[in-house]
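Here is the structure we will look at, set down as C-alpha cells.
Side chains are part of it too, since the values below use all heavy atoms of this structure and drop only hydrogens, waters and symmetry mates. Whatever order the structure lists ligands and atoms in, that order sets their numbers, starting from 1.
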Amino acid sequence: MPNSNTSPFEKFVEKIQSFMPGTGRKKHRTYQRREIPRDQHNVSRSAISEPAKKVLHRLNKSGYEAYLVGGGVRDILLGGQPKDFDIATNATPEEVHDLFRNSRLIGRRFRIVHVVFGREIIEVTTFRGNAVEADDDADDDDRRTSEHGLLLRDNVYGSQEEDALRRDFTVNALYYCIRDFTVIDFAGGVEDLKNRQLRLIGDPETRYREDPVRMLRAIRFAGKLGFDIEPGTEEPIRELAPLLTHIPPARLFDEVLKLFSAGYGEATYDLLRKYNLLAPLFPETVRALDNGEPDELIRQALRNTDARIAKGKSVTPYFLFAAMLWPALQAEWRHRQDNGDPVQPALHGAIAKVIGRQVQATSIPKRFSGPMKEIWEMQMRLPRRQGKRAFMAMSHPRFRAAYDFLLVRESAGEIEPGLGQWWTDFQATDERGQERMLSELSAGAPKKRKRKRKPANRS
Ligand code: ATP
Ligand code: MG
C-alpha cells in the first residue's frame, strides 16, 4: 500500500495534541521518532522465531515495510521470551494474504492476516491511523466512536507513526526492523521500559473511553511484567471501570483467560480488585465477596494455577471459572437452602442462576460451562464414597478436575482436612487397598441411612 498519508510528523503530533482534552493545562509528552541502532539494544535475531523472520523477510523482499511490534519487541528487550510475534506492515491485508499461501484473512474488530506455520500463528496488521479524529479525506464510516467515546470501527490505514500512536502503551509501540536491526521508538517506550512503567499513549481517559479493554490490558501487563502503572495512566481507571460493561461478553471472556493464564494470576486478581475491575468481569463474585463470602478459594486456585504455569502445564478455563464463581455459587446455594430448598435442588438452582448471570458479563462457551458445572456437582459426590460410589466417581470424566478442586477447597480451609488425602490414597493404592479403605470407611461411619434409590450413574 502506498503511504498516502504523509503529512509531516510534527504536524501530525500537533493535531493529536489539539484533539486531546485538557491540552494546555496538562503536560503531555511530545512524541518524537527515535532510532536505536543495533549496538544500543539487545534484540537479537536469534530471539525471534523462524516463522516471524520468514514473514518479515518476505514482506521486505516484496517491497513492503514490515516490522516486529508489540509484545514481541517488548519482551525481548526485557530479556524474556515473547508469547507470540506480531508484525506491522504497510501492505494491505489482501496484499499480505496474496503473499502467503498459508494465511487467512481474519475480520473481527478489524481486518488482520494470520500466517499459519503449524502451531505458530504470526499476526500481521496493516499500519493503522486512529489515534486522531478522522482526517478530512477519511471516510467517516471508517472511524466512528459511540457517545461514550468507544471506537466502533477501526479501519483507516495510516503511516507507521500513526500506527505507533494508536497503540495502547508506549512499551507496546516499539518496532524492530530486520533490515537494519534498529529498534524504532515513537512514544518514549524505551525510556518507560527502562523505568518499568506502563504509560498510555495520549490522553488516558480518551484512550480508555475508546477501548475500555485497555484498562484490563494495563492490569495484565502490570501483573505479568511487574511494572508500575504511571500515575496519569492509573488515575482514571477506578472511575472508568464500569465502561467495561459495554464490551461484548465474548471479548471479555478472552481477556479473562489472558489475565489469568499468564502465570501471575494472584497478583492480577489483587490488581483487578484494587482498580474496581473485577466487578465488570465477575459481578456476582464481587457481590458475594462484598457480602462477606471469603475469597480464599479463589486465591488458592490462582496460586495453584500460577504454579502449574510455572511448570509449563496448561490451565483449563473451566477450572478457572469454577473457582472464580465459587463464592457466588456458595452464597446462592446457601440462600436457597435457607429458603427451604433441599440441598440438591438448591445446588442445581444456584448453578443455573450463577451461570445465567455470569454470561451477561463474560460469555462461557458450552464446552467450558458443562465441565464447570460437573466440577461443582462432584463436590457433593466426593464425600460419599461407600459401596460402589467411590469407583463410580473415579470413572467420571471430570473426576480429576473435581478432585483437584476439592484439594484447593481443603487448602483454602473451607472444609476439614482429610477427604482430599483419602482420595489421594485411594487413587494410589491397588484394588485390595481400595477394598480395605472402603470397609474402614463403613466401619467408622455412623449407621447407614436407608437409600431411597440408586444414585444415577452419570458417566
Ligand atoms: P502479549 O501478546 O504478550 O499478550 P502484546 O503487547 O503483544 O502482549 P497483543 O494483544 O498481542 O499484546 O497485541 C499486539 C499489539 O497490538 C500490542 O502490543 C499493542 O501495540 C497493540 N494493541 C493490542 N490491543 C490493543 C488495544 N486494545 N488498543 C491499542 N493497541 C492495542
Ligand atoms: Mg502479542
Near [X], which atoms of ligand 1 are under 4.0 Å from a heavy atom of that residue?
{"X": "Lys83", "result": "1 (P), 2 (O), 3 (O), 4 (O)"}
{"X": "Gly70", "result": "18 (O)"}
{"X": "Gly71", "result": "5 (P), 6 (O), 7 (O), 18 (O)"}
{"X": "Arg214", "result": "26 (C), 27 (N), 28 (N), 29 (C)"}
{"X": "Lys224", "result": "3 (O)"}

Looking only at heavy atoms of [X], does any of them come nearer than 4.0 Å to an atom of ligand 1?
{"X": "Arg166", "result": "yes"}
{"X": "Phe169", "result": "no"}
{"X": "Arg220", "result": "yes"}
{"X": "Asp84", "result": "yes"}

Taking distance alone, with N or O pairs closer than 3.5 Å, would you say [X] contacts ligand 1?
{"X": "Ala173", "result": "no"}
{"X": "Asp86", "result": "yes"}
{"X": "Arg217", "result": "yes"}

Per-residue contact class, Glu123 against ligand 1 - non-hydrogen pairs under 4.0 Å: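 Neither; no heavy atom under 4.0 Å.
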Ligand 1 versus Asp211: contacting region, heavy-atom distance under 4.0 Å: side chain
Expected output: side-chain Tyr208 to main-chain Ala241 donor-acceptor under 3.5 Å: no
Worked check of side chain to side chain contact (heavy atoms under 4.5 Å, CB included) between Phe321 and Leu257: CA-CA 9 Å; Phe321 273 75; Leu257 292 193; 4.0 Å; yes
Crowding at NZ, Lys373 (>12 non-hydrogen neighbours, <6.0 Å): no
Atom CZ of Arg38 with >12 non-hydrogen neighbours under 6.0 angstrom: yes
Tyr175 and Asp185: side chain donor to acceptor below 3.5 Å: no
I'd like to know if [X] pairs up with [Y] as an ion pair, taking the criterion as any Lys NZ or Arg NE/NH1/NH2 lying under 4.0 Å from an Asp or Glu carboxylate oxygen.
{"X": "Arg217", "Y": "Asp168", "result": "yes"}
{"X": "Glu205", "Y": "Arg207", "result": "no"}
{"X": "Glu284", "Y": "Lys353", "result": "no"}

Name of the Asp84 atom (N/O/S only) found closest to the Mg ion (ligand 2):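 In Asp84, the N, O or S atom with the shortest distance to the Mg ion (ligand 2) is OD1.
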Which N, O or S atom of Asp86 lies nearest to the Mg ion (ligand 2), by name: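 Distance check against the Mg ion (ligand 2) picks out OD2 in Asp86.
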Cation-pi geometry met for Arg398 and Tyr318 (6.0 Å, 45°):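 Judged by the rule (NZ or CZ under 6.0 Å from the ring centre, within 45° of its axis), Arg398 counts as positioned above Tyr318.
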Tyr176 and Tyr67 aromatic centres sub-6.0 Å: no
